[in-house]
S.K.: 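Quick one: this structure, given as structure tokens, is what I'll be asking you about.
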Amino acid sequence: MTKASVPITVFARTTSSPAHTYQVIVPIDLAQVFKPWGPFPGVAEVRHQTGTWNRPGTSRQTWFTDGSKADERLTEIAEGHGFAYELSGFTNVLSKLISGVRGEWSFLPDGTGTSIRWTYDFRPLPGRRWIVAGPFKQLWTRYMRAALTRMVTVVQETPGGIMEE
């Protein structure tokens, strides 16, 4: 994270174990959980994935419901605990606001479940930080919370996720 970047972090909790939560979220069907919200499109599909989404260097294109796309590359994996990725090459309005985004997920033990931390670190273009840190951040935080709520539902509905006592 650089001083000029704009981080947005959301949190959730699931009753599933960290390992199970990780195993469900890392390869999750993006179109299932990123639905259109407010001014933001949902994810329509993923194309051109270069391998399984579990090793650094794997890349793919995320296509949105408005016909735009972004390039995504997995940069870090901490098996069972978290992962990070970079988004760039946006063809929608984000191309006028940011040069890219670093996404990071963490799955931490929390009593009988898992605490999920998800951060998008936006890199604003020159002169655009005020927009990204102001009105955009407020809206994007809501978009992330809605997507994360859907992901928690998928995690909890996927068999094998309840921690044993």
Side-chain angles (χ1 to χ4, degrees), residues 1-2 4-35 37 40-64 68-92 94 98-124 132 136-137 140-163:
M1 202 173 342
T2 66
S5 70
V6 177
I8 302 173
T9 302
V10 294
F11 299 91
R13 187 178 185 288
T14 177
T15 56
S16 296
S17 71
H20 177 76
T21 303
Y22 171 91
Q23 290 168 354
V24 173
I25 288 181
V26 171
I28 202 162
D29 177 5
L30 300 180
Q32 181 182 10
V33 293
F34 285 95
K35 302 295 184 186
W37 182 93
F40 304 116
V43 171
E45 65 180 318
V46 171
R47 298 181 190 168
H48 311 297
Q49 189 162 315
T50 62
T52 56
W53 198 250
N54 64 359
R55 60 184 165 78
T58 303
S59 63
R60 62 189 181 189
Q61 288 183 330
T62 301
W63 287 77
F64 302 101
S68 66
K69 68 175 179 69
D71 299 319
E72 191 172 6
R73 185 174 60 83
L74 194 56
T75 58
E76 299 172 42
I77 288 283
E79 186 71 34
H81 302 286
F83 65 103
Y85 51 97
E86 297 277 336
L87 292 156
S88 61
F90 290 94
T91 62
N92 57 21
L94 287 178
I98 62 169
S99 62
V101 178
R102 181 180 190 277
E104 182 179 294
W105 288 81
S106 299
F107 309 101
L108 302 170
D110 183 11
T112 59
T114 301
S115 177
I116 302 168
R117 178 183 164 272
W118 176 26
T119 298
Y120 261 18
D121 189 25
F122 289 89
R123 294 184 301 272
V132 177
F136 176 83
K137 182 175 182 173
W140 194 265
T141 299
R142 293 178 186 161
Y143 181 62
M144 287 175 69
R145 281 187 187 131
L148 184 54
T149 297
R150 285 188 285 277
M151 287 184 214
V152 167
T153 299
V154 172
V155 167
Q156 293 187 169
E157 291 176 351
T158 302
I162 303 300
M163 291 185 84

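This structure is a prediction, so every number in the text was calculated from the model and none was measured. Heavy atoms only: backbone and side chains are in, while hydrogens, waters and symmetry mates are out.
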S.K.: Rounded to the nearest 0.5 Å, what separates atom CG in D121 from atom CG in L87?
M.R.: 11.5 Å
S.K.: How would you list, by chain and number, every residue that makes a salt bridge (charged side-chain N to carboxylate O under 4.0 Å, His left out) with R150, sequence neighbours excluded?
M.R.: none
S.K.: Can you list everything that forms a salt bridge (charged side-chain N to carboxylate O under 4.0 Å, His left out) with E86? Sequence neighbours excluded, please.
M.R.: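 By the salt bridge (charged side-chain N to carboxylate O under 4.0 Å, His left out) rule, E86 matches R123.
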S.K.: State which residues pass side-chain hydrogen bond (donor to acceptor under 3.5 Å, both in side chains) with E79; sequence neighbours excluded, sorted by chain then number.
M.R.: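 side-chain hydrogen bond (donor to acceptor under 3.5 Å, both in side chains) check on E79 returns nothing, list empty.
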S.K.: Applying side-chain hydrogen bond (donor to acceptor under 3.5 Å, both in side chains), name anything that partners T14, two or more places apart in sequence or on another chain.
M.R.: Q156
S.K.: With sequence neighbours left out, write down each residue that passes salt bridge (charged side-chain N to carboxylate O under 4.0 Å, His left out) with E76, or none if nothing qualifies.
M.R.: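 R102.
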S.K.: Who are the side-chain hydrogen bond (donor to acceptor under 3.5 Å, both in side chains) partners of T153, not counting sequence neighbours?
M.R.: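 Residues passing side-chain hydrogen bond (donor to acceptor under 3.5 Å, both in side chains) with T153: none at all.
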S.K.: Side chains of residues 22-32: which donor-acceptor pairs under 3.5 Å do they make with residues two or more places apart or in other chains?
M.R.:
| residue | atom | partner | partner atom | Å |
| --- | --- | --- | --- | --- |
| D29 | OD1 | A31 | N | 3.2 |

S.K.: With sequence neighbours excluded, what pairs up with W118 under the ring-ring contact (aromatic ring centres under 6.0 Å, His included) test?
M.R.: F34, W105, Y120
S.K.: Could I get the full list of side-chain contact (heavy atoms from CB on, under 4.5 Å) partners for S88, not counting sequence neighbours?
M.R.: D71
S.K.: Sequence neighbours excluded, which residues qualify as ring-ring contact (aromatic ring centres under 6.0 Å, His included) partners of F64?
M.R.: none
S.K.: Given the side-chain rings of F40 and F136, with only the six-membered ring counted for Trp, is the space between their centroids under 6.0 Å?
M.R.: yes
S.K.: Under the side-chain hydrogen bond (donor to acceptor under 3.5 Å, both in side chains) rule, collect the residues that match up with R55, sequence neighbours excluded.
M.R.: none
S.K.: Just jot down the side-chain contact (heavy atoms from CB on, under 4.5 Å) partners of T149, sequence neighbours excluded, or say none.
M.R.: none
